[in-house]
Structures are given as structure tokens and as C-alpha cells.
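Following: one structure in C-alpha cells, then a few remarks.
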Amino acid sequence: MSFWLLKSEPAVFGIKALAAAARRTTCWDGVRNYQARNFMRDEMRVGDRAFFYHSNCAEPGIVGIVKIVREGYPDHTAFDPGDAHYDPQSDRARPIWYMVDVALERKLDRAITLSELKAHAAGALDGLLLLRRGNRLSVLPVSERHWRFILALE
DNA sequence: GCCAACGTTGGC
DNA sequence: GCCAACGTTGGC
């Protein structure tokens, strides 16, 4: 089993929206970055776990845990001219963008904020991609060692 | 293939 | 709202 971190803006789709979704499940659509796509298309497996991270908000941080319930498949929002993530380069015969389905496993008892994670940047969380300067990846792997450490902070 | 311009991300 | 970082685009 592998571990991941998925970013989402709470104003767009936060943990509350996921908790309210049918079967507490959603497709992780709209990712338009090749590296992030490759992780979803090629590496995520059913049963993998991911941190649900709130970005671009007052208090960025990890707020929940989700599990991957469906492996990479074409992101249909790329085919829809009315969708904000429409990409005319992508079509059903040759899809460019992929997504996975995730289900909420649980909300954390408390949010683990970015500033709290940063406090360990030079120690136990050295190498965590989220903390790399200027990191903008919205889907990124987390080592098992880092996963366990972060959960112990909760 | 280089690289400047541009758009987006995301913390603050 | 600002701005640094960085991915993408497109002219050459």
C-alpha cells in the first residue's frame, strides 16, 4: 500500500463537501498537471490512503484521510466544453487527463496545519514533498515513515 | 532546443 | 491583494 496527499481548496471542494457526498465518495477530477496525472494514472492503487489537504485558505493543512476506491480512468470533465477544466486537446479516443475515485475514511480529530508540519521540516519530515519550497503539485506521494509521523501528531 | 512571456498555484 | 515559484506556450 502506498500513501499520498491530495490538495483541494475548501472553497471549491472541502472535506465537508466530501462528507456530504453520496457514499462519501468523489471522483478526483480537474487535475491538469502531468506529474500529478501520472501518479493517478500509473501508480495509485485501490486501497492506498491519502491525506486530504486544504490549500489556498485561511488555515492550510491536513484535515482528513481518504482511500482510493477506483484506479485511474479518463477525466470526463476534460471533454465537456462547458466545464471549467475543459481541454480541447483531450478526447475520448485519446484522453490526456485521468482521475481516481476516493472515499472519505475519516476526518482527523483536529487539523494538522501546514505551519505545524513546517516545524518538522528539518527533522522528521525532511524530504516531504509538500514542504519543498515552491511546491505546487496537487497530488503527491508521502513516504510511509512520514505518513506515520504525521498521524502521530494528531 | 532555447528562453521570454504568460498563467496558475498557493502561502501569507 | 500581493507576489514568488514554476509549468506551459510559442516565436525564433
Side-chain angles (χ1 to χ4, degrees), chain A residues 2-21 26-44 48-68 72-102 104-143 145-147 149-154:
Chain A
S2 299
F3 301 95
W4 308 91
L5 182 143
L6 300 173
K7 293 181 188 174
S8 190
E9 301 186 25
V12 178
F13 188 85
I15 189 113
K16 283 180 186 167
L18 179 56
T26 188
C27 53
W28 206 258
D29 62 359
V31 173
R32 296 294 180 267
N33 169 281
Y34 286 102
Q35 207 178 345
R37 176 206 66 181
N38 292 348
F39 286 136
M40 293 198 294
R41 187 189 61 184
D42 305 333
E43 296 194 40
M44 281 189 183
D48 284 359
R49 295 297 196 280
F51 287 131
F52 191 109
Y53 177 89
H54 278 170
S55 67
N56 205 13
C57 56
E59 193 147 79
I62 295 166
V63 293
I65 296 172
V66 299
K67 59 184 172 187
I68 309 305
Y73 64 107
D75 180 345
H76 57 78
T77 66
F79 309 141
D80 177 2
D83 193 280
H85 299 290
Y86 174 59
D87 181 355
Q89 308 269 74
S90 186
D91 61 55
R92 289 173 194 280
R94 283 176 166 261
I96 297 175
W97 305 112
Y98 285 72
M99 60 190 182
V100 296
D101 287 355
V102 304
L104 180 63
E105 184 166 286
R106 67 179 180 90
K107 292 186 189 177
L108 295 193
D109 297 334
R110 65 176 188 89
I112 300 172
T113 64
L114 177 61
S115 66
E116 188 175 353
L117 295 172
K118 279 181 172 174
H120 301 280
L125 295 180
D126 182 37
L128 183 68
L129 285 178
L130 181 72
L131 301 179
R132 223 187 47 189
R133 203 167 72 106
N135 173 57
R136 290 164 46 199
L137 254 192
S138 63
V139 176
L140 49 96
V142 175
S143 72
R145 184 169 57 85
H146 287 158
W147 178 273
F149 181 83
I150 292 166
L151 272 186
L153 293 173
E154 181 186 13

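We name chains A, B, ... by the order of the sequence lines, and we start the count at 1 in each one. The figures that follow rest on heavy atoms only: side chains count, while hydrogens, waters and symmetry mates do not.
When A:R32, A:R41, A:R92 are each tested for a salt bridge (charged side-chain N to carboxylate O under 4.0 Å, His left out) with A:D75, only one passes: A:R32.
Whole-Å rounding puts the A:L129 CG to B:dG10 P distance at 13 Å. Remark: C1' of B:dG11 and CG of A:L130 are 11 Å apart, rounded to the nearest angstrom. For the pair A:L140 CG and C:dG7 P, the interatomic distance rounds to 13 Å; values are reported in whole Å. Atom CZ in A:R32 sits about 18 Å away from atom C1' in C:dT9, given to the nearest Å. Here B:dG10 presents its P atom at 7 Å from CG of A:N56, a figure rounded to the nearest Å. Taking atom NE2 on A:H54 and atom C1' on B:dG11, their separation rounds to 16 Å, with Å as the unit. Across the protein-nucleic acid pair, A:K7 atom NZ and B:dT8 atom C1' stand 12 Å apart, rounded to whole Å. With rounding to whole Å, A:L117 atom CG is found 15 Å from B:dG10 atom C1'.
Which of C:dT8, B:dG11, C:dG7 sits closest to the side chain of A:Y34 comes down to C:dT8.
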Only pairs under 3.5 Å count here: list side-chain donor-acceptor contacts from residues 124-131 of chain A, not counting sequence neighbours, and write none if there are none.
none

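Ring-centre distance between A:W97 and A:Y73: not below the 6.0 Å cut-off.
When each of A:Q89 and A:R136 is assigned the nucleotide of DNA chain C bearing its nearest heavy atom, the one mapping closer to the 5' terminus is A:R136.
Aromatic ring orientation, A:F13 versus A:W28: perpendicular (interplanar angle above 60°, classes split at 30° and 60°).
For B:dG11, one of the phosphate oxygens OP1 or OP2 lies less than 4.0 angstrom from a side-chain nitrogen or oxygen of A:Y53.
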